[in-house]
Amino acid sequence: EIYLRGSMMNQRPRRPLDWQRLEEQAAATLARGPWGYIAGGAGRGDTMRANQAAFDRWALSPRMLRDVAQRSTARTVLGTPLPAPVLLAPIGVQTLAHPDGELATARASARTGVPLVTSSASSFTFEEIAEASGDTPRWYQLYWPKDRTIATSFIRRAEAAGYSALVVTLDTWLLGWRPMDLDEGFLPFLWGEGNVNYLQDPAFRALLAAPPEEDMQAAIGQFAFQFSNPAVTWEDLAFLRETTELPIVLKGILRADDARLAAEHGVDGVIVSNHGGRQVDGAIGALAALPEVVDAVGDRLEVLFDSGIRGGSDALKALALGARAVLLGRPYMWGLATGGEDGVVDVVRSLLAELDLAMALTGHRTIDDVDRSALVATP
Ligand code: FNR
């Protein structure tokens with residue numbers, strides 16, 4: 001369709017399908033603070049670079065003459081049938097990129113059938129986001145607050161709003177050292193956009209001496225106190241398991257022994273992720289950690305992956321290494337920044353198209369056909 005429009009009607013795509021150029025456009029669109037928050041990483045950026053380098057260590061090894069005329073990227077992930085093993089990663093405060101923020105992303109999710117994992121730090125309430133995502137499945141990401149009554153309230157709200165899995169992020173009890181944000185003194189989810197789910201939550205409000213409308217300073221202080229919860233341990237997972245019947249997915253696992261602990265504690269899935277290199281600088285590239293996690297627990301729970309997916313071939317490499325699905329992060333923010341809902345749709349569609357082509361051109365008809373034999377290690 002794109003080539004036809006180009007040659008017959010002299011019509012180019014609305015925005016670059018080359019994600020490097022799209023990223024440049026997004027950078028040019030946004031002010032320094034928001035751009036630094038989205039693009040930046042922890043410390044010197046070594047983990048972000050390691051995420052990219054980890055993809056370079058594997059190459060796809062195409063097979064020929066395999067009849068790939070009829071094919072499908074469909075896959076069921078944690079009981080949810082999806083058009084492709086792709087979800088949109090939880091990203092907070094999306095109004096930084098576009099005034100419609102998560103509502104635009106949720107509408108794009110509805111149009112593409114690719115689920116959004118809604119962040120606890122979203123700039124609209126997760127009820128509003130649920131409504132905007134229509135009939136497309138949606139998952140909820142919990143930043144587990146200190147007070148369990150708030151955690152329970154968030155989970156009940158997510159259940160009532162039709163979220164079908166609970167993603168619990170483990171790597172952000174404390175915010176990483178992020179020089180780009182520190183230099184700007186910029187922490188968007190503390191002030192304004194990003195704390196709305198707390199400020200409107202009945203259990204949170206019950207803890208305040210005065211409602212946020214009367215004493216915002218105290219409310220923000222309580223929010224910051226609740227948000228940071230570094231004393232949590234594996235034993236606490238029992239509380240989540242007892243609180244909800246939704247599938248529980250632990251996000252931020254990077255080691256085989258932690259993955260085994262996750263399996264022993266009765267969760268349904270893990271996401272191998274280093275938060276896009278935003279938390280620990282000098283950490284292992286996420287893809288480098290994927291094979292050992294899959295080998296340790298792949299037969300007991302579903303292993304998902306994010307951190308560094310920058311195209312269909314990257315997604316295919318992660319799937320070949322045993323990821324049940326991948327989550328797309330920053331690239332959809334580039335679409336959101338440059339084109340709102342349509343921008344996210346374009347980014348998601350191009351990822352799905354490139355994944356389908358990479359699957360076919362390497363000689364696979366379905367995602368389930370893809371395994372480690374599709375890859376060779378490169379020196
Ligand atoms: C994130 N990420 C994130 N994760 C999470 O569990 N809750 C959140 O609120 C956020 N917020 C957030 C904001 C921004 C601006 C970014 C870039 C990332 C992490 C996200 O889910 C995912 O792990 C990474 O984005 C994956 O890395 P790449 O592919 O974006 O490099």
Side-chain angles (χ1 to χ4, degrees), residues 19 23 26-27 30 33-42 45-55 86-98 101-102 105 115-124 126 129 139-145 154 165-173 175-176 178 180-181 186-190 193-198 227 229 249-254 270-280 283 285-287 289-290 304-311 314-315 317-318 323 325-337 347 351:
W19 282 3
E23 182 181 9
L30 297 178
W35 176 250
Y37 184 71
I38 293 166
D46 284 347
T47 307
M48 282 204 300
R49 279 186 291 277
N51 283 344
Q52 297 308 306
F55 281 95
V86 175
L87 299 97
L88 299 177
I91 290 189
V93 282
Q94 294 188 18
T95 44
L96 285 183
H98 188 278
E102 293 85 354
T105 303
L116 168 64
V117 186
T118 292
S119 163
S120 283
S122 53
S123 21
F124 295 90
F126 39 91
I129 297 166
W139 293 5
Y140 173 67
Q141 178 260 325
L142 180 72
Y143 276 134
W144 187 345
F154 282 177
L166 183 69
V167 173
V168 185
T169 298
L170 304 184
D171 55 18
T172 313
W173 307 116
L175 210 58
R178 300 179 188 168
M180 282 171 86
D181 297 341
F186 190 75
L187 184 53
F189 69 82
L190 195 55
E193 1 233 342
N195 60 24
V196 45
N197 283 303
Y198 276 81
F227 189 89
N229 192 8
V249 185
L250 300 182
K251 177 170 183 277
I253 295 292
L254 289 165
V270 296
I271 304 177
V272 172
S273 165
N274 58 26
H275 213 105
R278 299 163 72 79
Q279 286 298 96
V280 179
L287 194 78
L290 180 60
L304 284 68
F305 173 84
D306 79 28
S307 296
I309 299 277
R310 295 295 180 269
D314 289 348
K317 286 180 187 180
V326 300
L327 291 84
L328 185 66
R330 290 182 180 91
Y332 82 82
M333 295 297 278
W334 305 333
L336 184 63
V347 164
L351 178 67

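Counting starts at 1 for both ligands and their atoms, following the listed order.
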*Cation-pi between R178 and F186: NZ/CZ under 6.0 Å from ring centre and within 45° of the ring axis?*
no
*Can you list the ligand 1 atoms lying under 4.0 Å from a non-hydrogen atom of T169?*
5 (C), 6 (O)
*What are the two closest heavy atoms between V93 and E102, and how far apart are they?*
N-OE2, 3.5 Å
*Taking distance alone, with no angle check, do I38 and ligand 1 share an N/O pair under 3.5 Å?*
no
*Pick whichever of R278, M48, R310 has a heavy atom sitting closest to atom 18 (C) of ligand 1.*
R278
*So, for Y198 and P145, which heavy atoms are closest and what is the spacing to 0.1 Å?*
OH-CB, 3.5 Å
*List the atom of A325, the atom of V86, and the distance in Å for their closest heavy-atom pair.*
CB-N, 4.5 Å
*What atoms of ligand 1 come within less than 4.0 Å of a heavy atom belonging to D306?*
22 (C), 23 (O), 26 (C)
*Any idea which heavy atoms bring S123 and Q94 closest together, and the distance?*
OG-N, 3.2 Å
*asked:* Heavy atoms only: which of G276, P90, G329 lies closest to atom 20 (C) of ligand 1?
replied: P90
_Show the atoms of ligand 1 that are less than 4.0 angstrom away from any heavy atom in K251._
4 (N), 5 (C), 6 (O), 19 (C), 20 (C), 21 (O), 22 (C), 23 (O)
*Nearest non-hydrogen partners of N197 and S120, listed with the distance*: ND2-O, 3.3 Å
*asked:* Which option wins on minimum heavy-atom distance to atom 2 (N) of ligand 1: H275, Q141, Q52?
replied: H275
*Numbered atoms and elements of ligand 1 in range of S273, under 4.0 angstrom, heavy atoms*: 23 (O)
*M333 touching ligand 1 at heavy-atom level, < 4.0 angstrom*: no
*G308, any N or O under 3.5 Å of ligand 1 N or O*: yes
*Do T105 and L336 come close enough that some side-chain heavy atom pair is under 4.5 Å?*
yes
*Return the option from G277, A121, S119, A286 holding the heavy atom at the smallest distance from atom 9 (O) of ligand 1.*
S119
_Among L327, L328, V326, D306, the one residue meeting side chain to side chain contact (heavy atoms under 4.5 Å, CB included) with L87_ = L327
*asked:* Tell me the protein heavy atom at minimum distance from atom 13 (C) of ligand 1, and give that distance in Å.
replied: I91 CG2, 3.5 Å
*What is the closest protein heavy atom to atom 8 (C) of ligand 1, and at what distance does it sit?*
Y143 OH, 3.1 Å
